[in-house]
Amino acid sequence: MTAVHSHSAEAAASPAALHFPPGFVWGSATAAYQIEGAAAEDGRTPSIWDTFSHTPGRVLNGDTGDIAADHYHRYQDDVALMSDLGLGAYRFSISWSRVQPTGRGPAVQRGLDFYRRLVDELLAKGITPVATLYHWDLPQELEDAGGWTVRQTPERFAEYAEIVAGALGDRVPYWTTLNEPWCSAFLGYGSGVHAPGRTEPESALKAAHHLNLAHGRAIGALRSVLPATAQTSITLNLHQVRAFSQSAADLDAARRIDAVGNRVFLGPILGDGYPADLLADTGHLVDWDALVRPGDLEEIARPIDLLGVNYYTPTLVSDGRESTDLPRNDGHGASDYSPWPGSEHVAFHLSPGETTAMNWAVDASALYDLLMRVHHEHPDLPMMVTENGAAYDDYVSPEGTVSDPRRIAYLRGHLSAVHRALADGADIRGYFLWSLLDNFEWSYGYSKRFGAVYVDFGTQRRVPKQSAHWYAEVARTNALRGLSEEADGS
């Protein structure tokens, strides 16, 4: 366990361990397009990410997910890796166009069979399957018909949810409708750095509402099929927004980004509707009265059992109205178009301190703040941290190992923050490391490595990094060793 040698002085000075509650879920997460490959096998048709990645100039180095980590053919080896690492759960997403190639009509059983085999393999190894229905890979035919900007897509999504739940619901206890709908709406239709690559503020806001509606309809479809014991959820990449100063203008900038970054989803999904300030900020871009039809808010607010929270880095903003060269270090890729409709004048700053290979600031205190905010606003809503992790420039040493002490330090700090939130009353049921494998990192292609397991994409060889062994020990003992309560990112 050489991974912890760099922390030996800290451990000697601070032998205390932070213990997590009995039954706390330790897992890792992936997404279908990022790892599966087999893009045209067994009836699968293109998703918007196939189209986007094959469009010149959209993805670094012209990389695509055609092969990715070849998980479609190597899933048994990958599940064996999870078992070796002692993971209790695996959060994976299902490729809509592998199951329902045109986004409508009957399922392709060969596509469903892959997920049946995957789930059976997980259960055979004692690993709990956690299924996400949508991680950004809309069937291209649905995008051609309007994508998330039209109301027909939520209807199709509910039908797809019912198909998948019918096939896997007897064996999968956790179901997530959407992963990070903020990215689907505002990076896909606003800044254009994600598929489908559109740069239309009105479309981004329409997409946000229709993603909310798709979630609500899918919850209804899942509940009509799943056993009563199944847990339903949505996963949001909530932004821990901080004002650059306490000036009224900067505080208003933070309020605006909180509205279009967080409350646009939290409000309607958790029964509070769309916030009035969001409607005021964006009313010149979209007709909300026409967009939100009678019955929509009731459907969106169907009860969920869990909220998934994804967190990587904080968001630091100021008012940029006086600036001629507006900084936009929002961590969401470079574009001439803003993913923040109604808040185009807000400036985004890099938070101080260490950064990852994504140029994202490392700040575990923001994860604590975020979890406590949800707890205070919705004290009866259990949470899981469904993604958290860091990209670094990993490489295999001549000895065949991958040393990643900075990732271990990142995880140590963020798990300490989760523990602190638990101690302060937040109901957090589990933690999923992003990601199990190095993979296709969206518009960054294969240039960014988030995995606990190194993947040589030329040979598909897997090498568990030292962080994987470190995380396995945390999962095995249900505790963080050699860490005092003070070292928790506060």
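Just so it is clear, the values below take in all heavy atoms, side chains as well, and ignore hydrogens, waters and symmetry mates.
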Would you please classify the geometry between the Trp96 ring and the Trp148 ring as parallel, tilted or perpendicular, with 30° and 60° separating the classes?
->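 Plane angle between 30° and 60°, so tilted.
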Enter the distance from [X]:[atom1] to [Y]:[atom2] here, rounded to the nearest 0.5 Å.
| X | Y | atom1 | atom2 | result |
| --- | --- | --- | --- | --- |
| Ser47 | Tyr134 | OG | OH | 8.0 Å |
| Leu437 | Asp70 | CG | CG | 11.0 Å |
| Ser53 | Leu60 | OG | CG | 13.0 Å |
| Arg151 | His210 | CZ | NE2 | 5.5 Å |
| His345 | Arg321 | NE2 | CZ | 3.5 Å |

Please determine which of Phe450, Phe457, Tyr446 meets the ring-ring contact (aromatic ring centres under 6.0 Å, His included) test together with Phe440.
->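 Exactly one candidate clears the test, Tyr446.
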Within a reach of under 6.0 Å around [atom1] of [X], are more than 12 heavy atoms found that belong to other residues, nucleotides or ligands?
| X | atom1 | value |
| --- | --- | --- |
| Phe244 | CZ | no |
| Tyr444 | OH | yes |
| Ile67 | CD1 | no |

Between [X] and [Y]: side-chain donor-acceptor atoms closer than 3.5 Å:
| X | Y | value |
| --- | --- | --- |
| Asn212 | His215 | no |
| Asp305 | Tyr174 | no |
| His239 | His332 | yes |
| His73 | Glu41 | yes |
| Asp50 | Gln140 | no |
| Thr30 | Tyr90 | yes |
| Tyr312 | Asn237 | no |
| Asp66 | His54 | yes |

Take Thr235 and Thr386, measure what side-chain hydrogen bond (donor to acceptor under 3.5 Å, both in side chains) needs, and give me the verdict at the end.
-> CA-CA 7 Å; Thr235 280; Thr386 36; 3.2 Å; yes
Aromatic contact between [X] and [Y], with the criterion being ring centroids under 6.0 Å apart: yes or no?
| X | Y | result |
| --- | --- | --- |
| His414 | Trp434 | no |
| His194 | Phe186 | no |
| Trp340 | Trp182 | yes |
| Tyr274 | Trp288 | yes |
| Phe52 | Trp442 | no |

Salt bridge or not for [X] and [Y], using N-O below 4.0 Å?
| X | Y | answer |
| --- | --- | --- |
| Asp258 | Arg373 | yes |
| Arg256 | Asp277 | no |
| Asp393 | Arg406 | no |
| Arg156 | Glu141 | no |
| Arg462 | Asp78 | yes |
| Arg98 | Asp137 | no |
| Asp272 | Arg263 | no |
| Arg255 | Asp250 | no |
| Glu202 | Lys206 | yes |
| Glu387 | Arg91 | yes |
| Arg217 | Glu299 | yes |

[X] to [Y] - nearest heavy-atom pair and separation:
| X | Y | result |
| --- | --- | --- |
| Ser191 | Thr199 | O-CG2, 3.5 Å |
| Tyr392 | Ala390 | CE1-CB, 3.5 Å |
| Pro314 | Arg242 | CB-NH1, 4.2 Å |
| Ile428 | Leu371 | CD1-CD1, 3.7 Å |
| Leu222 | Ala165 | CD2-CB, 3.7 Å |
| Leu178 | Ile234 | O-CG1, 3.5 Å |

Give the intermediate values and the outcome of side-chain hydrogen bond (donor to acceptor under 3.5 Å, both in side chains) for residues Asp404 and Ser467.
-> CA-CA 6 Å; Asp404 56 344; Ser467 61; 2.5 Å; yes
Judged by atom type as modelled, is there a donor-acceptor pair below 3.5 Å linking the side chain of Ser97 to the main-chain atoms of Thr45?
->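 Indeed, once roles are kept as given, a pair shorter than 3.5 Å links the two residues.
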Are the side chain of Ser93 and the backbone N or O of Ala32 linked by a donor-acceptor pair below 3.5 Å?
->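 Indeed, once roles are kept as given, a pair shorter than 3.5 Å links the two residues.
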Any chance you could lay out the side-chain hydrogen bond (donor to acceptor under 3.5 Å, both in side chains) test for Ser233 and Thr176, step after step, and finish with the verdict?
-> CA-CA 5 Å; Ser233 67; Thr176 301; 2.8 Å; yes
CA sep, side-chain torsions, deciding dist, call: His209, Asp296, side-chain hydrogen bond (donor to acceptor under 3.5 Å, both in side chains) = CA-CA 9 Å; His209 176 62; Asp296 282 4; 2.8 Å; yes
Glu441 side chain reached by Ser447 side chain, heavy atoms, under 4.5 Å =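 Not touching, per the 4.5 Å side-chain cut-off.
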